[in-house]
Each structure stands twice: as structure tokens, then as C-alpha cells.
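The figures that follow rest on heavy atoms only: side chains count, while hydrogens, waters and symmetry mates do not. Convention: sequence-line order gives letters A, B, ...; per-chain numbering from 1. Please read these numbers as outputs of a predicted model, since none were measured by experiment.
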Amino acid sequence: DGEKVHFLTTRDTSDPDALYVLRHSTAHLLAEAVMRLHPGVKIAIGPPIAEGFYYDFEFPEPISEADLEAIEEEIRREISEGREWTREQLSREDAIARFEAEDQPYKVELAREAEGAISLYTQGAFTDLCRGPHLQDATPIKAVKLTSLAGAYWRGDEKNTQLTRIYGTAFYSQADLDAHLERLEQARARDHRRLGTQLDLFHLSDHSPGSPFGHPKGMVLWNGLEDLRRRENRRRGYLEVKTPLLYDIRTYITSGHYDNYRENMFFVQPHEGEEPLALKPMNCPGHMLLFGSQLRSYRDLPIRYAESSTLHRDERGGTLHGLLRVKHITQDDAHVFVTEEQIQDEIDGMIDFVNYLYERFQVTPRAELSTRPENRLGTDEQWDRAEGALEAALRRHQLDYVISPGEGTFYGPKIDLHMTDVLGRSWQMGTIQLDYQMPVQFGLTYMGADNREHAPVVIHRALLGSLERFLGILIEHYGGEFPFWLAPVQALVIPVGENHREAGRALRDELVGGGFRVEVDDRDETLGRRVRDAELQKVPFVVVYGDREAEAARAWREFAQLAVRERGGEQSTLSLVELLERFRELAAEADPPG
RNA sequence: GCCGACGUAGCUCAGCUGGUAGAGCACUUCACUCGUAAUGAAGGGGUCCCCGGUUCGAGUCCGGGCGUCGGCUCCA
């Protein structure tokens with residue numbers, strides 16, 4: 001009608017909008033197929049999404065994944081039969097009447113809430129409420145695949161009916177679909193759970209669900225994060241503290257967590273008939289008690305308590321995921337007690353800190369400002385100030401951010417940093433939370449210059465977030481190919497034959513003595529085999545020692561010449577001195593000057 | 001917590017309509033002593049997730065539980 005496109009005319013299959021329209025139209029074919037195969041089904045809504053489309057239905061009988069095959073077959077039949085889309089426009093009342101007559105309550109609800117006239121698209125026996133645009137006909141749909149089945153709540157609210165969601169994807173050619181499936185497989189190869197087993201980093205066990213077992217190599221990575229955390233905290237005026245794991249319930253009633261998060265807390269009953277103790281799910285109350293244990297002066301502030309302690313959160317079943325969502329969680333946590341005037345500087349410093357940390361791994365998180373939720377403590381005026389302070393800091397650092405209304409914690413707004421895993425899912429990493437409430441709940445004060453008691457403001461922050469989660473994301477980010485400074489085994493020495501084993505071990509000792517993580521592989525295997533294994537373990541350097549190197553040692557001195565192979569295959573000849581120098585340069589990336 | 005799927009050797013997986021469990025890799029031993037992504041041979045290894053039921057007989061069928069996975073919801 002001159003303002004809006006109702007039908008797709010392009011055949012440029014590389015155009016993302018074209019793909020979007022193709023998938024949207026395929027979703028309508030799906031709905032038509034489902035209606036024919038499952039009479040009485042109620043149809044909800046089916047938008048295109050990043051990688052495909054989905055459609056939500058309320059089936060009269062439960063269906064299983066096995067049923068998808070028949071539905072997929074039916075879609076193909078529709079395409080081969082031919083489908084054309086037609087558009088009509090109705091008034092809201094007419095649309096409601098029409099869907100009521102068809103006994104489609106979800107459509108009725110959507111039509112009721114629509115503004116202005118309503119457009120309907122029809123293909124074959126199926127008419128749907130839809131903004132469009134659509135394909136003109138189904139002939140360009142060359143590849144369709146229904147990928148999975150899931151429950152999804154109507155309008156995303158778990159108080160509503162749970163509908164059955166069918167996911168699928170569609171392409172302009174079979175080759176494009178194959179390429180898509182190939183990309184998914186490649187992404188799965190980087191999955192931290194797969195690499196965790198392959199590289200012997202960690203494992204999960206039924207004996208303690210959601211609580212990863214850190215293997216020696218995984219712990220090298222873990223300690224790399226811990227070292228980074230400790231070193232930078234020390235440089236930035238944070239004070240390392242240690243607070244208990246078990247508390248009386250009263251502590252968590254005071255903090256407000258008992259009322260808000262009790263169902264996700266673990267409780268320990270020491271003996272029959274005794275009061276249970278709360279296993280800490282976060283460090284805040286401990287740090288509050290620590291602050292309150294002494295008289296504080298405004299001259300002491302800011303006080304920055306840092307602790308990376310083990311926390312336990314009893315996450316809802318069905319939400320655990322490898323290292324990315326665990327019950328046993330460790331945060332690079334800190335609580336900073338400040339005066340109102342110190343808030344801006346402190347948050348500025350934290351954002352600098354965040355930038356420094358994430359640059360170490362060449363990753364860029366997305367920032368999100370989460371504002372006041374419905375269920376909250378404190379006055380609107382306090383929330384105005386707190387939200388304003390966080391937003392001002394984001395602006396000053398010219399960080400791109402989105403606002404998530406209502407996503408703040410019950411005690412304050414927060415800046416969250418998000419990253420994406422190999423499956424394209426977003427995870428919250430670091431968080432900076434401004435809190436006017438908890439210090440008051442705990443009765444914390446400091447003596448001001450005016451010789452009066454004032455309540456401090458607390459900034460909660462975990463910059464990497466959960467160390468478990470950060471490690472998981474990091475494994476996927478590097479695909480297991482960790483930079484030299486972080487790699488669990490930095491170099492592997494391979495003596496060619498039996499006669500070279502002694503020299504190989506001596507070389508290993510030299511490199512270990514230089515402060516590096518080096519192992520020797522003197523198994524009875526061929527050189528090719530051992531190089532292959534080193535590549536599969538993604539070891540950054542392999543040093544081969546055989547007759548040639550032994551000869552150079554006799555002619556000049558030991559380790560005057562070494563055959564060095566870098567991950568990926570590049571080879572060079574270096575002396576031990578040169579190799580150590582190379583290692584030192586690479587290791588310095590952990591903490592570059594400036 | 002909800003919907004769907006899955007759980008078999010250390011790992012990845014096969015096992016048809018119920019008849020007493022298999023492959024590759026890994027591991028052990030022997031031979032080979034090797035020049036940059038897989039040397040050969042032999043051998044060991046299993047409460048088929050747990051509990052209950054059906055059956056002459058259950059890895060396989062049924063029920064319950066636990067765990068894992070893909071979503072939904074939640075995430076201090």
C-alpha cells in the first residue's frame with residue numbers, strides 16, 4: 001500500500017531480510033501442517049528468530065519429537081503442492097469474531113490487543129493474524145528442517161499455560177542448510193564441556209551435581225584467573241578478607257536474602273533438633289558483619305573488601321549447564337564501602353578495572369544497566385540517585401549499553417556485563433551493584449567529619465563474575481587454544497629416540513627452572529604420534545630433541561640448537577637462551593606494561 | 001519447577017521385534033627407537049544410572065527416582 005512491504009519480491013538469497021521472510025513463511029506452513037495433522041490444536045504465535053523460526057501451539061494431546069518427522073513431511077508436501085500467500089485487512093472486531101468462530105483463543109487475545117486494522121495472511125487452508133511480509137509463494141523454500149520441541153509459556157510467563165514450541169529452520173537451498181548444520185557442528189567442537197573432557201580440565205559428577213571437579217590442568221587456568229584477580233585487587237587498593245561459609249538464619253533475614261531467595265539457599269542442620277545454619281550463597285552479609293565489627297571513620301573510606309570464596313546456590317533443576325550455570329560458584333567478589341561523594345570515582349575505577357581484565361583475554365562484554373524491580377527495598381529518591389550514578393559512569397566511559405527495566409536486584413540497580421557462548425546464548429559475567437539498603441539493614445555506620453554517624457553506601461562487584469562461568473566462556477573463546485601465559489602445559493619436550501631421553505628431561509628441567517610449565521613425552525611412540533597428541537592437546541610449543549640437536553651440543557654446547565614447533569606447525573631452530581627469551585616475552589602478555 | 005530427548009567400557013558411540021554385551025580411541029604387555037598430526041601384535045576392562053514391576057528370561061517393555069542435554073521460566 002505504498003508504505004509497507006507486504007510481499008517479498010527479492011530473490012537475493014544472501015539478503016538477511018530475505019532469509020527472515022522465507023523463515024517466517026515457513027513457520028506459517030508449519031502451522032498449516034500442524035492443523036491438518038492435529039485437529040483441534042490451538043495456534044499461538046510464530047516469529048522468525050536468528051537461526052530459523054518457531055511456532056507455539058496448544059496440542060489436544062501431548063506430542064513427542066518423533067511426531068516432528070510427519071509434520072516435516074507434511075510441510076514438504078505443501079511446498080510441492082504449491083502455496084501462495086494472500087493478504088487481507090480486517091477491523092479488530094471482525095478479526096476477533098473470526099478467531100472466536102474458529103475457536104482460537106490465543107489469536108483472539110492477540111487481536112484484542114492489536115492497534116488499528118489487522119492484517120491476515122492466508123496460504124492453503126491456513127489463515128493467520130500477521131504483520132507480514134511473506135513470500136509470494138512457497139517455491140523458493142528449498143530446505144526445511146524441524147529441529148526441536150520445547151515447552152514455552154504463553155507470553156513468557158510461567159503462571160500462564162505452557163504451550164508446545166516447535167523449532168525449525170529453512171533455507172533457499174539445501175547447500176545453505178548443510179552449511180548451517182556444519183557451522184553448528186564446528187561450534188559444538190568448541191563447547192567447553194567437550195573441551196573440558198578432551199583437554200582433561202574438569203568433570204562433572206552425579207555425586208555432586210552442578211559442582212565441577214577441577215583437574216590439575218583446569219586448575220592451572222583457574223589459578224591464572226585467581227592470580228590475575230589477586231594481583232589487580234592489590235594494585236587497586238582492595239583488601240583480601242575471609243568470611244565464614246555458615247551463618248545463623250538471622251543474618252540472612254537481616255540482609256533480606258532469606259525472604260527473597262530462601263528457595264535457592266542450602267541449609268545445614270548440625271545435629272538433630274538444632275537450628276539449621278545457612279550455607280552462604282553470596283558474600284555480602286559476611287562483609288557487612290566485618291565492616292560493622294569496628295568503629296569506622298570517614299577517613300577510612302573507601303574500604304574495599306575482596307574475597308573469592310566458594311558459594312552454594314541451589315539452582316532450579318533444569319537450569320544447570322556445564323561450568324556456565326553451577327551450584328558451587330566462586331565469584332571474584334568485593335564490597336566497597338563509600339560515602340555518597342565517593343560513588344562516582346569508585347565506579348569509574350571499577351569500569352577501568354573491568355576494561356583491563358577483559359582486554360587480557362581480548363574479549364568484549366556487552367554492558368546492561370538493570371533498573372529498579374517491582375519487589376524492592378528503599379525509596380524512589382534513592383533509586384533515582386543510584387540509577388543515575390551508574391548511568392553517568394557508563395556515559396563517561398563511553399560504553400555502549402542497553403537498559404533492562406526492572407532487572408535490578410531488590411537492594412539496588414546494577415551494571416551487568418554479558419557474553420555469548422558457542423550456542424549463541426547470553427550469560428551474565430561481571431556485575432557492579434549499587435546498594436543503599438543493606439548497610440542500613442545491618443545498622444552500619446561511619447563517623448563523619450561532622451562528628452555524626454552516617455550510613456555508608458555499598459558497591460557490590462564481581463568483575464569476572466563467576467570464575468566457573470568465566471573459565472567456561474574462556475575455554476570456548478579460545479577453543480582450547482589458550483595463549484601461552486595461560487596454557488596448562490606451555491611446552492612439551494619430545495626426545496626422538498631412547499638415547500635422547502636423558503637430554504630431553506634435562507631440557508625440561510631447564511625450562512621448568514625458567515618458570516614455565518613444561519612436560520616431556522618420552523613414551524614409546526613415534527615422533528609423528530607424539531606431535532599429533534601435542535597438537536590435539538593444543539600445547540603451544542613442542543621441542544624435538546634428537547641426533548641433530550645432540551650433534552650440535554657436542555660441536556658447541558648443550559641446547560645450542562633446538563627444533564621448536566609452534567602450535568599449528570610452524571618450525572624454527574632456536575638455542576635454549578633464545579627459547580627462554582621467547583617464552584618470557586609471551587608470558588609477559590599476562591601483565592603488559594602500561 | 002515445566003515441555004521434549006537422552007543415560008551402555010576412561011572417552012565417542014553401536015546393540016533390530018526381550019534370549020545373558022560390542023566397535024574405535026584410550027589403557028597394559030611385547031616388538032620396533034623412530035625427525036614434526038595416528039608403527040604393529042596381543043591382552044585387560046562393564047552393578048548396561050538407581051529402585052520397583054511385567055516375564056521362564058529385561059540393556060531392551062512398564063512405573064517411580066536421580067543425572068545430563070535442547071528449550072521455557074528463574075538467576076541475589
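Note on Glu551(A) versus Arg548(A): no salt bridge recorded, every NZ/NE/NH1/NH2 to OD/OE distance being 4.0 Å or above. Salt-bridge annotation for Glu185(A) and Arg194(A): present, with a side-chain N of the basic residue lying under 4.0 Å from a carboxylate O of the acidic one.
Figure legend. G45(B) is base-paired to no nucleotide; pairs are counted as Watson-Crick or G-U wobble with both atom distances under 3.5 Å. Across all strands shown, U39(B) forms a Watson-Crick or G-U wobble pair, both distances under 3.5 Å, with A31(B). When both distances must be under 3.5 Å, the Watson-Crick or G-U wobble mate of G70(B) is C3(B). Across all strands shown, G59(B) forms no Watson-Crick or G-U wobble pair with both key distances under 3.5 Å. Of all nucleotides present, only U12(B) satisfies the Watson-Crick or G-U wobble test against A23(B), with each distance under 3.5 Å.
Residue Gly546(A) is classed as a base contact, given a heavy-atom separation below 4.0 Å to a base. Within the nucleic acid shown, Leu163(A) has no heavy atom closer than 4.0 Å to any nucleic acid atom. Looking at heavy-atom distances under 4.0 Å, Glu570(A) makes no contact with the nucleic acid at all. Residue His321(A) is in sugar-phosphate contact alone, with no base atom involved, counting any heavy-atom pair closer than 4.0 Å across all strands shown. Counting any heavy atom pair closer than 4.0 Å across all strands shown, Gly156(A) reaches sugar-phosphate atoms only and no base atom. The residue Asp206(A) sits close only to the backbone: its heavy atoms come under 4.0 Å of sugar-phosphate atoms, none of a base. Base engagement by Asp524(A) is indicated by at least one non-hydrogen atom pair under 4.0 Å involving a base atom. Contact annotation for Pro209(A): backbone-only contact, meaning every heavy-atom pair under 4.0 Å involves sugar-phosphate atoms and none involves a base. Within 4.0 Å (heavy atoms only), Arg165(A) reaches sugar-phosphate atoms of the nucleic acid but no base atom.
Side-chain contact check for Glu307(A) and Thr243(A): at least one donor-acceptor pair (N or O, by modelled atom type) lies under 3.5 Å. For the residue pair Thr371(A) / Glu387(A), no side-chain donor-acceptor distance below 3.5 Å is found, with atom types taken as modelled.
For Thr319(A), whose side chain is taken as the heavy atoms from C-beta onward, the closest listed nucleotide among G70(B), U36(B), C72(B) is C72(B). For Ala152(A), taking side-chain heavy atoms from C-beta onward, the closest of the listed nucleotides U33(B), G1(B), C72(B) is C72(B). When distances run from any side-chain atom of Glu65(A) to the nucleotides U33(B), G4(B), A37(B), the shortest one goes to G4(B). Here U39(B) is the nucleotide among A37(B), U39(B), G71(B) with the atom lying nearest to any side-chain atom of Glu525(A).
On a pure distance criterion of 3.5 Å, a polar donor-acceptor pair joins the side chain of Glu549(A) and the base of G35(B). Below the 3.5 angstrom threshold, one finds a donor paired with an acceptor across the side chain of Arg325(A) and the base of C74(B). Below the 3.5 angstrom threshold, one finds no donor paired with an acceptor across the side chain of Tyr153(A) and the base of G71(B). Glu158(A) contributes no side-chain N or O that forms a donor-acceptor pair with the base of U73(B) under 3.5 Å.
Between Tyr305(A) and Phe337(A), the ring planes are perpendicular. Angles over 60° get that label, and only those under 30° would be called parallel.
The cationic group of Arg23(A) lies under 6.0 Å from the six-membered ring centre of Phe171(A) and within 45° of the ring axis, placing it in a cation-pi geometry.
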